[in-house]
Amino acid sequence: MNELSLEALAIAYAGTGVTGLVGYWPTIKDLYHHRKASANIPSYIIWTASSLIAFLYSLFILPDFLFIIVSGTHFVACAIVLILSINLKNDR
């Protein structure tokens, strides 16, 4: 691939991190305001665990700054949804 293609790919990959965060926001907002339990806890346990593994991989195996940011953002968003879901379930 030429340098321009690689740069475009990097920008597109960064965009997936932003898109992912935007996608999690409505669920985080609903859970934070105790509006509705819109997240499946077993699914988010799996997603949080797999995103943690990807984040650790980005830190220790493939230390690429963009990969660290995107995988870390995904992990934090999954963890927030999971924690808020468990808190909401325990409050009811």
Side-chain angles (χ1 to χ4, degrees):
M1 291 185 108
N2 64 31
E3 190 171 324
L4 183 60
S5 297
L6 292 175
E7 190 172 317
L9 184 58
I11 291 168
Y13 182 66
T16 65
V18 172
T19 303
L21 188 58
V22 169
Y24 282 110
W25 183 249
T27 302
I28 291 171
K29 189 172 71 169
D30 285 345
L31 292 168
Y32 182 77
H33 292 293
H34 294 16
R35 291 187 185 140
K36 59 184 171 181
S38 57
N40 183 296
I41 292 174
S43 295
Y44 271 92
I45 289 171
I46 294 167
W47 289 335
T48 302
S50 64
S51 64
L52 173 61
I53 291 167
F55 180 54
L56 293 174
Y57 187 87
S58 75
L59 289 174
F60 300 113
I61 307 297
L62 187 61
D64 175 75
F65 182 70
L66 184 56
F67 185 40
I68 291 169
I69 296 299
V70 171
S71 63
T73 301
H74 181 66
F75 166 65
V76 169
C78 281
I80 289 170
V81 170
L82 179 60
I83 291 166
L84 290 173
S85 295
I86 292 169
N87 285 342
L88 183 59
K89 182 180 177 186
N90 290 337
D91 287 347
R92 289 183 177 199

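For reference, positions follow the sequence shown, starting with 1.
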**Q.** Close side-chain approach of I86 and L82, heavy atoms under 4.5 Å
**A.** yes

Q: Report yes if some heavy atom in the side chain of F75 is under 4.5 Å from a heavy atom in the side chain of C78; otherwise report no.
A: no

Q: Determine the minimum heavy-atom distance between S71 and I68, stating which atoms define it.
A: OG-O, 3.5 Å

Q: Give, for atom CD1 of I53 and atom CD1 of I61, the distance between the pair rounded to the nearest 0.5 Å.
A: 12.0 Å

Q) Could you give the distance from CG (L84) to OH (Y44), rounded to the nearest 0.5 Å? A) 11.0 Å

Q.
Using side-chain heavy atoms (C-beta onward) and a distance below 4.5 Å, is S85 in contact with I83?
A. no

Q. Closest heavy-atom contact between V22 and P26?
A. O-CD, 3.3 Å

Q.
Tell me whether the rings of H74 and Y24 are parallel (<30°), tilted (30 to 60°) or perpendicular (>60°).
A. tilted

(Q) Would a single hydrophobic cluster contain both I80 and W25, if residues Ile, Leu, Val, Met, Phe, Trp and Tyr are joined by side-chain heavy-atom contacts under 4.5 Å? (A) yes

Q. Hey, what do you get for CZ (F55) to OG1 (T48), rounding to the nearest 0.5 Å?
A. 13.5 Å

Q.
Between I45 and I28, is there shared hydrophobic-cluster membership here, with clusters defined by ILVMFWY side-chain heavy atoms closer than 4.5 Å?
A. yes

Q) Is a donor on one side and an acceptor on the other found under 3.5 Å between the side chain of T16 and the backbone of Y13? A) yes

Q | Atom of V70, atom of G17 and distance for their closest heavy-atom approach | A | CG1-CA, 4.0 Å

Q.
If hydrophobic clusters are built by linking Ile, Leu, Val, Met, Phe, Trp and Tyr wherever their side-chain heavy atoms come under 4.5 Å apart, do L88 and I41 end up in the same one?
A. yes

Q. Taking a hydrophobic cluster as the set of Ile, Leu, Val, Met, Phe, Trp and Tyr residues connected by side-chain heavy atoms closer than 4.5 Å, whether directly or through intermediates, do L21 and L52 fall within one such cluster?
A. no

Q. So, T27 and D30: side-chain donor and acceptor under 3.5 Å apart, yes or no?
A. no

(Q) If hydrophobic clusters are built by linking Ile, Leu, Val, Met, Phe, Trp and Tyr wherever their side-chain heavy atoms come under 4.5 Å apart, do W47 and F67 end up in the same one? (A) no

**Q.** Smallest separation among heavy atoms of L66 and A10, with atom names
**A.** CD2-O, 3.3 Å

Q: For residues I69 and F65, determine if any side-chain heavy atom of one lies less than 4.5 Å from a side-chain heavy atom of the other.
A: yes

